[in-house]
Each structure stands twice: as C-alpha cells, then as structure tokens.
Amino acid sequence: MSKNILFVVICYVFSFFVSCQNSNSTAKKINETILVKEFQEKLNQSTTHLLVDVRTPEEYIGGHLQNSININYNDVDFKNKIQKLDKSKPIFIYCLSGGRSSNAATDMGDMGFVEIYNMKGGIISWRNANLPIVTNSNTVEKGLTLDEFTKMVTNEKFVLVDFNAKWCKPCKEMMPMIDKIAVDKTDKLILKKIDADINSDLLQAKKIESIPYFELYKNGKLVWHHAGTIDEKTFLEETKL
C-alpha cells in the first residue's frame, strides 16, 4: 500500500472516530412538557422510567399517581435528592398544576438527566381527565362537595372565592390584597378561601386547572372569575365592587 493511500485511510478512520465521538457527545436530550394523554401513553409504554411527584408530602398524601415517588421541590435538599436518581432513565415529573414540575425539569436538565417529561397542567389536569389517583382515605381531609359549595356562595352579599394553596407563591402574594379588599368592602362582600389540596375533587368538578383562581358570586350566580394574579385596581374595575 502506498504512503498516499495509507495516509488517506488513516485520515478516514480518524475522521470517522471523531465524528462518532461528536455525535455521542452532542446527542439530543429530551426535556418536554406534554399533555396528560401523551404523558399517560409514554408512561404506560415505558418499563424503566421513574415517576416523580414534586409536591409537598401533604399534597402527596391527598392523592398521587400510582408508583410515584415524592421529592418536594420546595425542600432545601431537593437537588441533592434528585441527584441520587438514575440520570439515564426516562423521568416523568408532575406537580399540582405544572409550575413546580416545570422548574424542576429545568433543574434536572442542567444536572444531566437525558430524558424528561413534564406533565402540562399537573395532577389537576390528570384528575380532570378522570385518570386514576392513589389515595389513603384514612388520612385525607374531606373537602367541600359541589352542593356544599353552591350553598356557601348563595348570599345576598357578594361572595369572593379565593382558590389557593399553602405552597403556592403567587397565592401568597395575592392574599394581602384580597384580605384588604375584604375588609374595605365588608359591608357588601364575604371572602371565602378554598384550599386546593383539600378540595381537589371540587376543583376537578369545577374544571379549575390552575391557582390562584378567583370567583365572585351574587345570590349564587357567578358574575366574575379570574385565573392567576391581578392588581387591586384591575380587580376593582373588573368586579365593579
């Protein structure tokens, strides 16, 4: 074999090896937020996955997906606990409405997990799709039924309903304003606060998919509703209180 031919062969082999190395090092990682139906389908098709619930232990006890493990996103040791998981396995992750799990998925992607699926809308969307939930009836606090809720909002005064949760940062940010309005308008307004964790069945029945969520009733009739945060001026303008 001539020196020229040998040189070409060596170059080809070397370029092929480098190409393979680059291909492996730049292999596409998956970090997707997907709808409940696709989440369930991929979950059922996978045999090696890890299913992670990043809500609080109290939320987890109130109802969770079967075979899930609970690693609280708000726990100071969250990243240390997540690091111990097998990064090569597909990770399916969810929370109540999708916010915490989305942040967790980003963190896990930075940690080197190669395949992550975040459930859009969280367990609220899962419940709304009438998919199975594992609960312990001995430890779950009973929430309001839809009939009980209807009676609660039937009043001559306006009834403002604040759907929130203890762990929800936007909910906490809204509470001082909501409490202030309730005091300022006490002559014509009644404030009711609904814990989304305790009343998950009620949220499902009302098809509420995210919190904070607000509803305003008059004589049992819904006259205004709003999802997410809102400033006091806009709130008063929209509700005409």
Side-chain angles (χ1 to χ4, degrees), residues 27-36 38-40 42-44 46-129 131-136 139-141 163-175 194-200 203-204 208-213 227-229:
K28 184 180 179 182
K29 294 182 179 180
I30 299 173
N31 194 337
E32 300 178 350
T33 296
I34 56 180
L35 296 174
V36 169
E38 185 179 0
F39 188 92
Q40 182 196 32
K42 287 184 177 294
L43 196 61
N44 290 339
S46 175
T47 58
T48 61
H49 66 268
L50 294 173
L51 177 58
V52 183
D53 183 321
V54 298
R55 298 175 300 157
T56 64
E58 293 78 12
E59 292 176 87
Y60 186 79
I61 291 173
H64 54 270
L65 274 62
Q66 188 172 18
N67 298 324
S68 61
I69 58 174
N70 183 213
I71 304 179
N72 182 7
Y73 181 71
N74 293 327
D75 193 317
V76 293
D77 292 330
F78 172 77
K79 289 186 177 180
N80 290 333
K81 292 176 180 178
I82 285 293
Q83 283 280 19
K84 296 177 182 178
L85 301 180
D86 188 340
K87 293 182 174 65
S88 67
K89 291 184 176 181
I91 302 292
F92 291 80
I93 188 168
Y94 71 93
C95 62
L96 181 70
S97 58
R100 285 170 290 176
S101 59
S102 178
N103 292 335
T106 298
D107 291 342
M108 294 173 77
D110 294 340
M111 292 178 191
F113 287 84
V114 297
E115 189 174 354
I116 307 165
Y117 299 103
N118 172 43
M119 181 161 62
K120 183 179 177 65
I123 201 168
I124 290 178
S125 294
W126 183 273
R127 287 180 182 273
N128 287 341
L131 295 172
I133 296 289
V134 178
T135 59
N136 184 338
T139 58
V140 178
E141 185 176 346
F163 294 89
N164 62 79
K166 295 176 182 177
W167 50 262
C168 173
K169 185 177 179 181
C171 298
K172 291 179 180 179
E173 292 173 350
M174 289 294 300
M175 280 186 182
I194 302 292
D195 189 307
D197 297 330
I198 296 172
N199 293 276
S200 57
L203 267 69
Q204 180 181 3
I208 296 173
E209 298 183 349
S210 64
I211 54 173
Y213 186 81
T229 58

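Note that the structure is a prediction, hence the values are computed from the model and not measured.
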Quiz item: To the nearest 0.5 Å, how far apart are CD in Gln83 and CG in Asp77?
Solution: 12.5 Å
Exercise. Can you see which heavy atom on Ile93 is nearest to which on Ala105, and at what distance?
Key: CD1-N, 4.3 Å
Quiz item: Under 4.5 Å between any side-chain heavy atoms of Thr48 and Asp86, yes or no?
Solution: no
Quiz item: Looking only at atom types and distance, does a side-chain atom of Tyr60 sit under 3.5 Å from a main-chain N or O of Ser68, one as donor and one as acceptor?
Solution: yes
Quiz item: Are Arg55 and Tyr94 close enough that some pair of their side-chain heavy atoms sits under 4.5 Å apart?
Solution: yes
Practice problem: Apply the side-chain contact (heavy atoms from CB on, under 4.5 Å) test between Met108 and each candidate in Val114, Ile91, Asn103, Asn118; give the one that qualifies. | Solution: Ile91
Self-check item: Reported CG-to-CD1 distance for the pair Asn31 and Ile116, which is rounded to 0.5 angstrom
Solution: 4.0 Å
Quiz prompt | Gap separating the CD1 atom of Ile133 from the CG atom of Leu65, nearest 0.5 angstrom | solution = 5.0 Å
Quiz item: What heavy-atom pair brings Thr33 and Lys120 nearest, and what distance separates the two atoms?
Solution: CG2-CB, 3.7 Å
Quiz item: Ignoring hydrogens and geometry, is there a side-chain-to-backbone donor-acceptor pair from Glu59 to Thr56 under 3.5 Å?
Solution: yes
Quiz item: With a 4.5 Å limit on heavy-atom distance, are the side chains of Met174 and Asn164 in contact?
Solution: no
Self-check item: Side-chain touch Val54/Phe78, heavy atoms, less than 4.5 angstrom
Solution: yes
Exercise. To the nearest 0.5 angstrom, please state how far the CD1 atom of Ile30 sits from the CD atom of Glu115.
Key: 4.5 Å
Quiz item: Does Tyr73 use its side chain to pair, donor to acceptor, with the backbone of Cys95 at less than 3.5 Å?
Solution: no
Quiz item: Got a donor-acceptor contact below 3.5 angstrom from the Asn70 side chain to the Asp53 backbone?
Solution: yes
Quiz prompt | Non-hydrogen atoms of Ile211 and Ala196 that approach each other most closely | solution = CD1-CB, 4.0 Å
Self-check item: Closest non-hydrogen atom pair between Lys89 and Leu50, with its separation
Solution: CD-CG, 4.2 Å
Self-check item: Value rounded to 0.5 Å, distance of CG in Leu203 from CG in Leu96
Solution: 7.5 Å
Self-check item: Donor-acceptor contact below 3.5 Å, side chain Ser101 vs main chain Gly98
Solution: yes
Exercise. Output yes when Lys42 and Glu32 qualify as a salt bridge under the 4.0 Å nitrogen-oxygen rule, no when they do not.
Key: no
Practice problem: Could you tell me whether the side chains of Trp167 and Asp197 share a donor-acceptor contact shorter than 3.5 Å? | Solution: yes
Quiz item: Nearest 0.5 Å, what's the NZ-CG distance between Lys166 and Asp195?
Solution: 6.0 Å
Quiz prompt | Whether over 12 other heavy atoms sit under 6.0 Å from Lys79 NZ | solution = no
Quiz item: Is the Phe92 ring parallel, tilted or perpendicular to the Phe39 ring (thresholds 30°, 60°)?
Solution: perpendicular
Quiz item: Minimum heavy-atom separation for Ser97 to Ile124, with atom names?
Solution: CB-CD1, 4.2 Å
Exercise. Go through Val36 and Leu131 one step at a time and tell me if the side-chain contact (heavy atoms from CB on, under 4.5 Å) criterion holds.
Key: CA-CA 9 Å; Val36 169; Leu131 295 172; 3.4 Å; yes
Quiz prompt | Among Ile69, Asn72, Asp75, the one residue meeting side-chain contact (heavy atoms from CB on, under 4.5 Å) with Lys81 | solution = Asp75
Quiz item: What heavy-atom pair brings Tyr213 and Ile208 nearest, and what distance separates the two atoms?
Solution: CD2-CD1, 3.7 Å
Quiz prompt | Donor-acceptor under 3.5 Å (Trp126 side chain, Pro132 main chain) | solution = yes
